[in-house]
Amino acid sequence: MTTTTGIGSLDTVVFDVPDPETSARFWETFLGGTRSSVEDDWITVVTPDRWGLGFQLAPDLVAPQWPSSERPQQLHLDVRVLDLAVSTEQAVSLGATLLQENASWNTLADPAGHPFDIVVNAEVSGPTLFGVMFDVPDAHAAAAFWSAVLGDPVTYDQDGMAMLGGERPVLFQQVESYVAPEWPDPAKPQQGHLDLEVADLDTAEAAALAAGATRLPGGGETFRVFADPAGHPFCLCG
């Protein structure tokens with residue numbers, strides 16, 4: 001499938017956290033990243049392969065409780081590792097919690113409670129961020145929407161799973177009894193969101209709405225807030 005022209009490019013995967021310093025320190029150490037910006041309520045970490053991870057202060061965050069559908073994760077990171085046992089031990093020593101062990105991947109939670117998966121892969125030398133995966137009610141529909149927004153091709157779409165094959169893969173897993181976030185309702189928090197870089201906010205907003213996005217409250221001179229068809233918030237930043 002050929003790449004299409006998108007509305008914006010993926011700039012940062014942002015997580016709501018009660019303590020940005022603790023979360024940033026965990027992820028920069030585990031992935032070997034560096035900090036690109038530090039503010040009172042926000043820290044950005046850039047990984048060696050140029051993923052941007054943002055940690056946004058949310059002092060009253062209701063953390064996910066995986067695999068509960070009452071307090072869902074909403075999204076998670078997939079990290080490739082060479083040695084599952086070694087990387088699991090490293091993550092736990094840095095403050096992660098082991099949630100479930102499997103033969104070729106383990107599920108953990110970072111210090112803020114956000115789940116992530118580490119998956120065995122012989123092509124990496126150390127923990128390497130592969131992609132961000134969203135829980136959705138319809139993986140096919142989610143992939144179609146985000147393909148239009150990011151301009152990345154759908155490279156997999158079967159059995160309730162879908163994937164965009166861009167430089168920074170975005171994946172979707174179909175979840176029964178899916179509970180959408182209702183930002184800014186703290187009882188149904190977003191947990192995280194994507195920041196997209198766009199050339200012109202007015203043009204990008206019109207295109208996002210035409211693709212099926214919904215405008216949400218909030219925003220400012222340099223960004224606007226939307227929800228995708230599954231209810232996941234995202235920001236267009238210009």
Side-chain angles (χ1 to χ4, degrees), residues 10-20 23-24 26-27 42 45 51-79 96-97 99-100 105-119 129-146 149-150 160-164 168-196 208 212-218 223 225-236:
L10 176 54
D11 182 66
T12 309
V13 182
V14 183
F15 288 94
D16 286 3
V17 297
D19 182 353
S23 292
F26 171 81
W27 283 104
W42 184 293
V45 171
W51 279 88
L53 299 178
F55 305 97
Q56 172 176 266
L57 177 63
D60 299 321
L61 176 70
V62 179
Q65 198 170 62
W66 186 90
S68 168
S69 60
E70 295 182 3
R71 290 168 59 180
Q73 62 178 353
Q74 302 294 351
L75 74 167
H76 71 271
L77 299 179
D78 281 342
V79 179
T97 301
L99 299 178
Q100 181 173 298
W105 84 92
N106 288 342
T107 301
L108 300 94
D110 72 5
H114 295 296
F116 64 98
D117 286 342
I118 56 175
V119 184
L129 181 54
F130 169 69
V132 55
M133 181 177 290
F134 285 88
D135 291 356
V136 294
D138 185 333
H140 174 79
F145 171 81
W146 280 102
V149 170
L150 296 174
M161 297 285 293
M163 173 179 167
L164 303 186
R168 300 177 183 87
V170 181
L171 303 93
F172 310 93
Q173 62 179 1
Q174 203 156 296
V175 175
E176 293 185 12
S177 303
Y178 171 73
V179 178
E182 294 183 10
W183 189 90
D185 182 356
K188 295 183 178 179
Q190 62 177 350
Q191 302 299 343
H193 70 274
L194 300 184
D195 277 356
L196 310 183
T214 302
R215 181 71 191 270
L216 296 180
F223 72 99
V225 186
F226 301 83
D228 71 6
H232 293 294
F234 65 96
C235 291
L236 299 180

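- Rounded to the nearest 0.5 angstrom, D110 CG and H76 NE2 are separated by 12.5 Å.
- Taking CG of L196 as the start and CG of D11 as the end, the distance is 8.5 Å to the nearest 0.5 Å.
- Here the closest non-hydrogen pair linking S23 and A112 is OG-CB, 3.7 Å.
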### Evaluation steps, side chain to side chain contact (heavy atoms under 4.5 Å, CB included), between D195 and F223
CA-CA 9 Å; D195 277 356; F223 72 99; over 6 Å; no
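- Qualifying side-chain contact (heavy atoms from CB on, under 4.5 Å) partners for A141, counting only residues two or more places apart in sequence or in other chains: D138.
- The minimum heavy-atom distance linking F172 with A143 is given by the pair CE1-CA, 3.7 Å.
- Rounded to the nearest 0.5 angstrom, F145 CZ and H140 NE2 are separated by 14.5 Å.
- Nearest heavy atom pair, residue P111 against residue F26, reads CD-CG, 3.6 Å.
- Within the 3.5 Å criterion, the main-chain N or O of V179 finds a donor-acceptor partner in the side chain of Q74.
- Taken to the nearest 0.5 Å, the CG atom of L194 stands 7.5 Å off from the CG atom of L75.
- Contact of the F130 side chain with the P169 side chain is registered, since non-hydrogen atoms from C-beta on lie closer than 4.5 Å.
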### Task
Check the pair W66 / T107 against side chain to side chain contact (heavy atoms under 4.5 Å, CB included), numbers first and verdict last.
CA-CA 9 Å; W66 186 90; T107 301; 4.2 Å; yes
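- The shortest heavy-atom contact between A180 and G231 is CB-CA, 4.5 Å.
- Applying the side-chain hydrogen bond (donor to acceptor under 3.5 Å, both in side chains) test to residues at least two apart or on different chains, the pairs with a partner in residues 173-183 are D135-Q173, Y178-H232, E182-K188.
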#### Entry: Intermediate values then yes/no, side chain to side chain contact (heavy atoms under 4.5 Å, CB included), D117 and L77
CA-CA 6 Å; D117 286 342; L77 299 179; over 6 Å; no
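- A distance of 8.0 Å separates OG1 in T12 from CG in L53, rounded to the nearest 0.5 Å.
- Scored by the ring pair (Phe, Tyr, Trp, His ring centres under 6.0 Å) test, F234 finds W146, F226 as partners (sequence neighbours excluded).
- The heavy-atom pair separating L57 from P18 by the smallest distance is CD1-O, 3.4 Å.
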### Task
Could you please spell out the steps behind the side chain to side chain contact (heavy atoms under 4.5 Å, CB included) verdict for F116 and W27?
CA-CA 11 Å; F116 64 98; W27 283 104; 3.6 Å; yes
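- Going from atom CG of D78 over to atom CE of M163 covers 9.5 Å, rounded to the nearest 0.5 Å.
- Counted within 6.0 Å of CH2 on W105, heavy atoms from surrounding residues, nucleotides or ligands total 12 or fewer; the atom is thus considered open.
- A distance-only check finds a donor-acceptor pair linking the side chain of S68 to the backbone of E70 [under 3.5 Å].
- A search for ring pair (Phe, Tyr, Trp, His ring centres under 6.0 Å) contacts involving H114 returns F15, not counting sequence neighbours.
- Remark: V62 engages R71, P189 in a side-chain contact (heavy atoms from CB on, under 4.5 Å) (not counting sequence neighbours).
- What you find for P72 and Q191 is that their closest heavy atoms are O-CG, 3.9 Å.
- Applying the side-chain contact (heavy atoms from CB on, under 4.5 Å) rule to A144 yields no partners; only residues at least two apart in sequence or on another chain are considered.
- Shown are L236, L216, T214; of these, the side chain to side chain contact (heavy atoms under 4.5 Å, CB included) with V225 is made only by L216.
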